[in-house]
Structures are given as structure tokens and as C-alpha cells.
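First the structure, in the form of C-alpha cells, and then the observations on it.
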Amino acid sequence: MDYKAYIAERIPAEGVSKEEIAESIAIPPDSSMGDFALPCFKFAKVLRKSPAMIAEDLKGKYPVDGVVSEVSAVNGYLNFKIDKVGLARDVLERIGREGEKYGSAEIGKGKTICLDYSSVNIAKPFHIGHLSTTVLGGALYRIFNFLGYKAVGINHLGDYGTQFGKLISAYTRWGNRDLVEKGGIRALNELYVRFHREAEERPELEDEARAYFKKIEEGDKECLALFEWFKELTLKDVNKIYELLDIHFDSYAGESFYQDKMQPVIDELKEKHLLVESRGAQIVDLEAYGMSPCIILKSDGSSLYATRDMAAAIYRKQTYDFDKCLYVVAYQQNLHFKQFFKVLELMGKEWAKDLVHVAYGMVSLEDGAMSTRKGNVVFLEDIINKCVEKALAILVEKNPDLENKEDVAKKVGVGAVVFGALYNNKIKDIVFSYDKALNFDGETSVYVQYTCARAYSVLNRAEGVNYKNAPISEPCAQEFELLKLLADFPDTVRAAAEKYEPSYIARYAVDVAQKFNKFYIDCKILQAESGVKEMRLRLTEATLVTLKNALTLLGIGVPEKM
Ligand code: ARG
């Protein structure tokens, strides 16, 4: 049962939509007043009455029934008390029935969402800067699929540009097959760094690099083969991380894929009189929209990042006929997206409104930022490995007899990195700290995982007790708090999708874990009298199912024992 919708349906407020009411209904932190509350402040303007009067008026009109047992109006809030037994039965039956599907929906049926995420750069290290786009995108991909959408994961590879000329120049001068074969991206990165160091003294290297790039573009066999090889090596390295993080893509069409798809875009821009010349370059003037111009072609005729992105958007629309196309990319690129979205709109593409830049903040380690050119870069792989190592040390200390230690440590360590990037509102800059991320008592994934292990242990010890369909009686305060929160999971998933905010699910999981632990500590489960015990076991199982579903959406594994 969707309580918010149920209540909203019955509130007779003319001039305010049911959806708007449902969205405004919240679960108050202190439930002594009510289990759900509608703040009436928002409606004061439309209804031309004070919030207190609105609440009072609606209270008189609300039809109390077997679901909502009491309504009160306090300080501009309309408070609802839910029939406890009804809610308990509702939630436990539903979770028991739906299991792994609890929280899923069909709202996306028939709709396609393209998601551009991770989008790594070939031959460049997969560093901490790619963490957020990868795990945010991965989570959104799972969330949208869970809600019935057809999600299309796209890795828009950065595989085009003069840097590949630089790399070939560096490889030809200082590299060899063996070195790169063994060293992978790290070796390529070192070559790249060396190129920049040496080019500072010898600028003629830059010309050489440009010449090599031109060769790639012209399809020179040798250069192309090297480039393909670099690409293969990068993807091999990156795939190791994708595997760890459970990340999938349906397409790896990167920037170079659009090489032959840009001319039609340029022609169309010309045809629509949008292209103007400026100091030799071809641009679209966006001054009227308060933006600097979108450069389409440089003075030497070469294309830009934006040109390729426009071709990509058009290609995606044609190929997938998306309802939305999301770009999970750092906020540093805000202007880039605004610009090319606008240009597509000016071209008359009505679907330009369906392009969304899902911007997120920076992740850094305690020791500061990095640059690929200078070489002081932190590889994501190293961060994950370090986190897994630390997790192993903590686990062994806490539980020396733990079975499958390595496997558990992997789930805990990887989870900590993922959760670290997903716990905060995505636009916030975050500083990753190993100790904080691995704090068993913090707002962390390991805390949630530990809670799951606790629930598993309770259920394992209850072997032989038949609780699956145990009768439901009036829940105590702790049980009721937990039940209410479990009932809110489907709404949380929907809100996370709507706002592109997996953090809602991360926070929700911590919330559930806290409420479960309060219940676990305050109430006996296995020692409770018969009747109560069975219902508590049902509640424990329902909590575990919900937490597992939440963590799975985020891409975090759940060990049975810790
Ligand atoms: N490769 C780019 C970078 O690392 C991100 C690409 C994002 N996607 C896009 N369609 N522009 O900055």
C-alpha cells in the first residue's frame, strides 16, 4: 500500500493536485504526533488561508477509516495516524510476496533512458575523478531498470584528439611493446607524462604529435593499429574495475565513432544559418542566451568535443529513440552541456528538452587534487585495493574465525568506496577518508552490511521456527517505526530516479539499519514469547530483503557473515 498516495487521494483540497499533496506528505521524525504529516504552508497562497486554518479545515473533512485511524491539526500540519496492525500486515505480506522485486515498479514500461556514464579516456588512468560518474551512472542504470525502464548504458569513450598523437610520438621515441604490454595504462600514462615534460623544452614535439594525430585521422595503418592497441589495453584495465563495481554497458561507442557522423551535423547547422565564422573558426553564437559561443570547427577545420557530442546525441535519438538521455558528468562541464543542448534546440530538435546533464561534485582524497599531465595521479584501482586491504584487517581483528575472509573483505572494501561516492547529495564535493568509510558505527555501507549479517544470523538461529505466515498483532513502538520505514522503500526508489539521486537510497539504507538495530537491541527476537517471536522474525526477514534490495541497486554486495 502506498500510504502517501492513499492519504492524498482522500484529502479534499480544491486547487491543489493529488500528486502535489502526495509529494508533500512526509514521515515526521517524531511520530508521537502522527505517522505521516502534510505541511500546509505551501498551499497558503493558492488556498488564500493561513496554514493553520487549512490544516484545521482539512482535518474536519478527512474521512477517517480502517487505514488512517486518526487525524489532527497542529501548527499548520495535518497529522495522520495509521492503523498499526493494518500497516504491519500490509508491509510484511507485500515484502514476503515480492522479495527481490520489492521496491520495483512498472512506471517506466515502454520508456527508454540512455545513460552516458563513466566515459573513460583511452590511455589515461582511471583515477578517482571517474569514481562518481561510474558508480552514480551504474546505480541509476540499475534503478531505472528496476522501475521498468529500458536503460541503455553508454560508455562514451574519450578516444579522439591530439593526445593520441602525443602518445604515439612518445611511444615511438621512448616506448616498446614489452614495456606497454606489461605496464598497461600505467606505462602509457608514464609515456604521456614524459611527453609533456620533454615538450616543455622541445616544442617541436607538439608538431610531431599533431602530425601523428593527423595520420590516425587519415587512417594510416600503423598509427591506427597502435591506437587500437592502446584502446584494447585501456579497456582491459578498466574492465577489471567495472567487474569489481558491477558496472555494465550496452554500448562503447566513443568519440571516434562519430568521426564520420559530424559532417551532416555541420551541414545542417549551415543550412539553418546557425554557423558563423569567428577568427577562422566556425561557431554558433549563443550570446543571446548568456553563454560564450559553441565552437563547432577550429580554424584548422578539426572538430571539437561539442561537435562529437552533438553527433552522438542525434545518433542516440535515431538509434534508441530515448525518452531521456542522461549525461552523468562532473559539474566542471556544465557550460559544455548547456551549450550543445542549446544548439540542438536551435536546430529545431524538439527532443533537446530530454537531454539532461546529471552533474556531480568532485571526489578527492585527503591529500588533494591531481593532474594526468603531471603524473601525480591516484588510480582508482589502488584506492579500491587499499580499502579492501584495510577492510580485511578490521574484519580479521573483529572476527578471527570469519570464513571466506577475502570475499567478505572485497564486498566491504568495494562497498565502502562506492558508498563513499553515493552517500552525499551528488552535487557536493567530497573528501574520501578510508577510516570514515570503514567505520562500523558510522553512516556507512559497512554499518548496513553488518546489520544485514546480524539479520542473517538471527534468521539462521531461528531454524525450525515456522514464521513465514505468522499472524500479525499490534506492533510495539520500535517495530512500528521500522515497519513504516520499510513501507517507504518503493517511494524512495522512485524519488531517487526522479531526482537522479542514488543518495536517497543510500541514506534510506542507513536509516533502516538504525531502526532495525534499535528494534534488535530493545526487543527480544528469539527469546520473545511465541506469537511475538514469529512476527519479529518476519520483520527481521523483511528488513533484510529491503536492505539487500537497496544495496544491490547501489552496486554493493551483502555478505551473510561478517
Ligand atoms: N571523457 C570525458 C571526460 O573524461 C567525459 C565524457 C562525458 N560524456 C559526454 N558525452 N561528453 O571528461
Side-chain angles (χ1 to χ4, degrees), residues 101 103-122 126 130-160 231 234-235 238-239 241-243 245-262 265 305-306 308-330 333 336-337 340-341 344 349-360 418 422 426 493-494 496-502 505 552-555:
K101 290 213 159 67
S104 69
E106 300 272 305
I107 52 172
K109 218 171 171 180
K111 292 196 185 125
T112 300
I113 298 227
C114 287
L115 287 127
D116 178 323
Y117 58 101
S118 198
S119 298
V120 287
N121 300 320
I122 296 303
F126 196 14
H130 297 117
L131 173 62
S132 294
T133 171
T134 306
V135 300
L136 269 172
L140 290 172
Y141 181 79
R142 290 184 214 96
I143 292 168
F144 280 110
N145 272 327
F146 202 53
L147 293 177
Y149 292 85
K150 181 179 178 338
V152 181
I154 303 172
N155 200 331
H156 186 75
L157 299 175
D159 58 0
Y160 193 87
K231 203 158 152 171
T234 310
L235 287 179
V238 165
N239 271 321
I241 296 178
Y242 289 154
E243 220 164 276
L245 300 178
D246 193 25
I247 297 293
H248 303 278
F249 296 98
D250 302 290
S251 160
Y252 282 85
E255 294 187 40
S256 71
F257 178 77
Y258 300 101
Q259 203 174 335
D260 60 354
K261 297 174 182 61
M262 285 182 284
V265 182
Y305 183 48
R308 295 186 284 282
D309 252 328
M310 289 181 51
I314 292 170
Y315 175 84
R316 288 173 193 173
K317 184 65 192 173
Q318 280 167 355
T319 309
Y320 305 109
D321 193 22
F322 57 71
D323 293 273
K324 281 225 152 62
C325 179
L326 312 184
Y327 298 82
V328 187
V329 183
Q333 297 192 26
H336 163 72
F337 286 101
F340 89 79
F341 290 177
L344 285 166
K349 313 281 179 211
E350 57 80 30
W351 48 265
K353 66 179 190 330
D354 304 319
L355 305 172
V356 184
H357 176 205
V358 179
Y360 61 82
V418 173
L422 291 183
K426 62 183 182 296
V493 178
R494 244 177 290 156
E498 210 168 285
K499 298 277 191 308
Y500 314 121
E501 231 3 310
I505 295 175
T552 304
L553 285 175
L554 302 179

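- The structure places CD1 of I314 at 4.5 Å from NZ of K349, a figure rounded to the nearest 0.5 Å.
- Nearest heavy atoms, Y327 versus A313: OH-CB, 3.7 Å.
- Contact of the V329 side chain with the F337 side chain is registered, since non-hydrogen atoms from C-beta on lie closer than 4.5 Å.
- In this structure, Y500 and K324 have side chains that are in contact, with non-hydrogen atoms separated by less than 4.5 Å.
- Residue K353 places its NZ atom among more than 12 non-hydrogen atoms of other residues, nucleotides or ligands, all under 6.0 Å distant.
- Here the straight-line distance linking atom CZ of R308 with atom OH of Y160 works out to 6.0 Å at 0.5 Å rounding.
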task = Output, in order, the C-alpha distance, side-chain angles, deciding distance and verdict of side chain to side chain contact (heavy atoms under 4.5 Å, CB included) for R316 and D116.
result = CA-CA 11 Å; R316 288 173 193 173; D116 178 323; 3.0 Å; yes
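- Side-chain contact between L553 and V493 is present, with at least one heavy-atom pair separated by less than 4.5 Å.
- Using modelled atom types and a 3.5 Å distance limit, the side chains of N155 and S118 yield no donor-acceptor pair.
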Criterion side chain to side chain contact (heavy atoms under 4.5 Å, CB included) on Y360 and T133, from CA distance to verdict = CA-CA 8 Å; Y360 61 82; T133 171; 3.3 Å; yes
request  = May I have the step-by-step check of side-chain hydrogen bond (donor to acceptor under 3.5 Å, both in side chains) for E106 and Y149, ending in yes or no?
outcome  = CA-CA 8 Å; E106 300 272 305; Y149 292 85; over 6 Å; no
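- Ring centers of F257 and Y252: at least 6.0 Å apart, outside the cut-off.
- In this structure, the side chain of D159 does not engage the main chain of I122 through any donor-acceptor pair within 3.5 Å.
- For K317 and F322, the positive end sits near the middle of the six-membered ring, less than 6.0 Å away and at most 45° from its axis.
- No side-chain heavy atom of T234 sits under 4.5 Å from any side-chain heavy atom of F126.
- Between the CD atom of Q259 and the NZ atom of K261 there is a distance of 9.5 Å, given to the nearest 0.5 Å.
- The nearest pair of heavy atoms linking Y320 to S251 is OH-CB, 3.7 Å.
- Within the 4.5 Å cutoff, no side-chain heavy atoms of L115 are placed close to those of V152.
- The ring of Y141 has its center no closer than 6.0 angstrom to the ring center of F144.
- Pairing each heavy atom of L554 with each of A139, the nearest pair is CA-CB, 4.4 Å.
- Looking at D323, its side chain does come within 3.5 Å of a backbone N or O of T112 through a donor-acceptor pair.
- Atom OG of residue S119 and atom CD of residue E255 lie 8.5 Å apart, to the nearest 0.5 angstrom.
- Atom CZ of residue F340 and atom CG of residue L355 lie 6.5 Å apart, to the nearest 0.5 angstrom.
- Taking each heavy atom of A496 and L140 in turn, the nearest pair found is O-CD2, 4.4 Å.
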ask   = Hey, mind stepping through V358 and L136 against side chain to side chain contact (heavy atoms under 4.5 Å, CB included) and telling me if it holds?
value = CA-CA 9 Å; V358 179; L136 269 172; 5.6 Å; no
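- A donor-acceptor pair under 3.5 Å is formed between the side chain of E501 and the backbone N or O of K426.
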request  = Verify side chain to side chain contact (heavy atoms under 4.5 Å, CB included) between I154 and C114, making sure each step is shown before the conclusion.
outcome  = CA-CA 7 Å; I154 303 172; C114 287; 4.2 Å; yes
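- Using a 4.5 Å heavy-atom cutoff, the side chains of D321 and W351 are not in contact.
- Two rings, from F249 and Y242, have their centers less than 6.0 Å apart.
- The two residues G138 and I247 come nearest to each other via the heavy atoms CA-CD1, 3.7 Å.
- In this structure, M262 CE and M310 CE are separated by 11.5 Å, a value rounded to the nearest 0.5 Å.
- Side-chain contact of R142 with H248: a donor-acceptor pair under 3.5 Å is absent, judged by distance alone.
- A 4.5 Å side-chain heavy-atom check between K231 and L157 finds at least one atom pair inside the cut-off.
- In terms of heavy-atom proximity, N145 sits nearest to A151 at OD1-N, 3.3 Å.
- Inter-residue side-chain proximity for D309 and H156 is flagged as met; some heavy-atom pair is nearer than 4.5 Å.
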